[in-house]
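Have a look at the structure below before the remarks.
For the numbers below, each heavy atom of this structure counts, side chains included, while hydrogens, waters and symmetry mates do not. Letters A, B, ... mirror the listed sequences (proteins, then strands); counts begin at 1. As the structure is a prediction and not an experimental result, all values here were calculated from the model.
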2 protein chains.
Amino acid sequence: MQDNKEKYRELANRIYDLDGEVYQCVGSNLGRTFTGSRENTVRNLSVLMYTKPDGHLLRSELALISNMARTIKDKEQRSRLMEKYNQILRDIEDLPDVFGKEDILDQERVALNNLVSRRQKISEGDHLVICISRTQGSAGNDIGFELADDLKINYYDVEIFDQVLKRLEAEKGAVNDKESFADFNKYGKRHTDLKTVLREFNRYHGLPKQDAVFFNMSDLICNLARTEDCIIMGRCADAILKNNHIPHVSLFISAPFAVRVQHIMAVRNMNLKQAARFLRKMDRQHRRYYEFYTGEKWGKPENYDLCINSANYGIKETIDVIRRLLDE
Amino acid sequence: MQDNKEKYRELANRIYDLDGEVYQCVGSNLGRTFTGSRENTVRNLSVLMYTKPDGHLLRSELALISNMARTIKDKEQRSRLMEKYNQILRDIEDLPDVFGKEDILDQERVALNNLVSRRQKISEGDHLVICISRTQGSAGNDIGFELADDLKINYYDVEIFDQVLKRLEAEKGAVNDKESFADFNKYGKRHTDLKTVLREFNRYHGLPKQDAVFFNMSDLICNLARTEDCIIMGRCADAILKNNHIPHVSLFISAPFAVRVQHIMAVRNMNLKQAARFLRKMDRQHRRYYEFYTGEKWGKPENYDLCINSANYGIKETIDVIRRLLDE
């Protein structure tokens, strides 16, 4: 502790001196960062170095000095003082209890984050699986399809799952997820007669039809992600893979409502009112489906690795952003 | 129109033939993509090519065929069929009314998106200004500070704004935003006596103190963004720059609540209960501040260029993700 105190005082003195030197070179009209006496400043800075939660104030003081130092015109002077600054920063980072020491890391999720694990070669065998959730009208499907084409990997959306499941389940009867998604209303009234209920009960092993569809879908998604590189659109694929501990990248693509309305009007030949109503309905269905099967909130940034606002990039640049992220 | 119909039929025939050839090579147990007769399939495919809103179904059919084609073992066969597939895709993209034709693009926002404008050299003179909004406990400040250091650009957070504003306004008396942020409660009761109200009225030109602070801050942020490369933490900087048509990159950094609680416990020496209560309070203050001054919802993905879940990367990798995005 005594050792540390000495170290703190020494560092604080170097910071105070650096501020003075930088001010001499650049002469800001705001004056020096530290306006008090050396004695007071050194005491305050030393305290900041071991005080939680205020350690981050030290960072702000340092940033103020370096912001000023970077404006020094004389190149030699500038690099001399920046070198001093960098050395101080390195010495502070070596202190036991200081800002930036505590990482923010969900070990389990980082291990599942394909973007990290593949780059760090944590697990060579993993396939590149990109799950894309998106809001209707954000051109998410266009982006997913073109991205798959660029990366030369497989593309799966609801239509494809639907066809594959239909054929896999041909003998048990068609299990159509698209239908179940559109119908999705877990708590609403269901107009089915007893005969239908009994038939569905047998067909889906006692599960409600939409749950049976979801479980078949989950199996299919897990199998795909274990065996090939691919892009999977929607279907809560990110949550399914997370629960099954299968590495993937989870993206959420959206755009402001007004821009999505414009897009839908163009793509679906709708007028403003129709497009707005259609979008609100689709958003509601998406939200319900996702929240029911995952228990998570749809479209909350902390449920994905990354969220992209496609309206601020356009289709081509959004694809480019994702490719730069993959860095392959 | 007659010309187009011919073109549609010709393309549909090529798609049908490709499916047959791919099936011959790979022999999937799911069978061919098209199980119907040539006549019916060609008619259906042709219709898809000019039908809105169902044009995207064509994409799914194509993806099914190419997914299968990519599994062909014989390399020569595979590249021959993939070449046919790519040619079909190119020809379809040349059709007037087909999927992927309508970009999703907010021209105004794209022009302000530094990530795009700098890469496309739309506006050479622009400074690189990165606005980082973040939730408390997501290590957003650590990320911003280290990123600024890596990029050798200036770093501004509330402490720095506070000091700068204090000095700029020294003659009028200190205008302290940190204080006003913590106090922020636009509609709550304010325990101030008449004397204070009158003094503040004069000092802030008739504006409530917190609004005066916000306007001074806005000026400062716009001036910075016009004159230097920098990273600006919080303070609604993204919304301020957007309203003033100043190019920037807007990022939102967050992490799941449970991970943020762990981070706060470590950084602030708090127990679980204290940390959770602290976070809820800070989230509430952030939300109110942002929503009051911007009219936008805080932390909604479509209000930013990009949202990053720092818990799925850790500090170093988050910085790396941002640097890869900047591609500089």
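- The two atoms that bring A:Ser310 and A:Thr318 nearest to each other are CA-OG1, 3.8 Å, heavy atoms only.
- Heavy-atom pairs under 4.5 Å with chain B peak, among A:Leu62, A:Thr135, A:Ile160, at A:Ile160.
- Ranked by heavy-atom pairs under 4.5 Å with chain B, the first of A:Ile308, A:Val321, A:Asn86, A:Ile153 is A:Ile153.
- Between chain A and the options B:Cys230, B:Ala139, B:Ser138, the largest number of non-hydrogen pairs under 4.5 Å is found for B:Ser138.
- Nearest heavy-atom pair across A:Tyr155 and A:Asn141 is OH-O, 3.9 Å.
- Among the candidates B:Thr71, B:Ile253, B:Leu89, B:Asn303, the residue making the largest number of heavy-atom pairs closer than 4.5 Å to chain A is B:Leu89.
- With a 4.5 Å cut-off on non-hydrogen atoms, B:Gln262 does not touch chain A at all.
- In this structure, the side chain to side chain donor-acceptor pair (under 3.5 Å) partners of B:Glu228, at least two apart in sequence or on a different chain, are B:Asn154, B:Tyr156.
- In terms of heavy-atom pairs under 4.5 Å with chain B, the best-connected choice from A:Phe257, A:Phe252, A:Phe145, A:Tyr304 is A:Phe145.
- The greatest number of non-hydrogen atom pairs below 4.5 Å with chain A, out of B:Asp157, B:Asp142, B:Ile143, is found for B:Asp142.
- The residues A:Lys297 and A:Glu302 are annotated as not salt-bridged, no charged nitrogen and carboxylate oxygen being separated by less than 4.0 angstrom.
- Here the shortest heavy-atom pairing between A:Ala275 and A:Met265 reads CB-CG, 3.6 Å.
- Residues satisfying the side-chain contact (heavy atoms from CB on, under 4.5 Å) criterion with A:Lys242, sequence neighbours excluded, are A:Arg109, A:Leu112, A:His248, A:Glu296.
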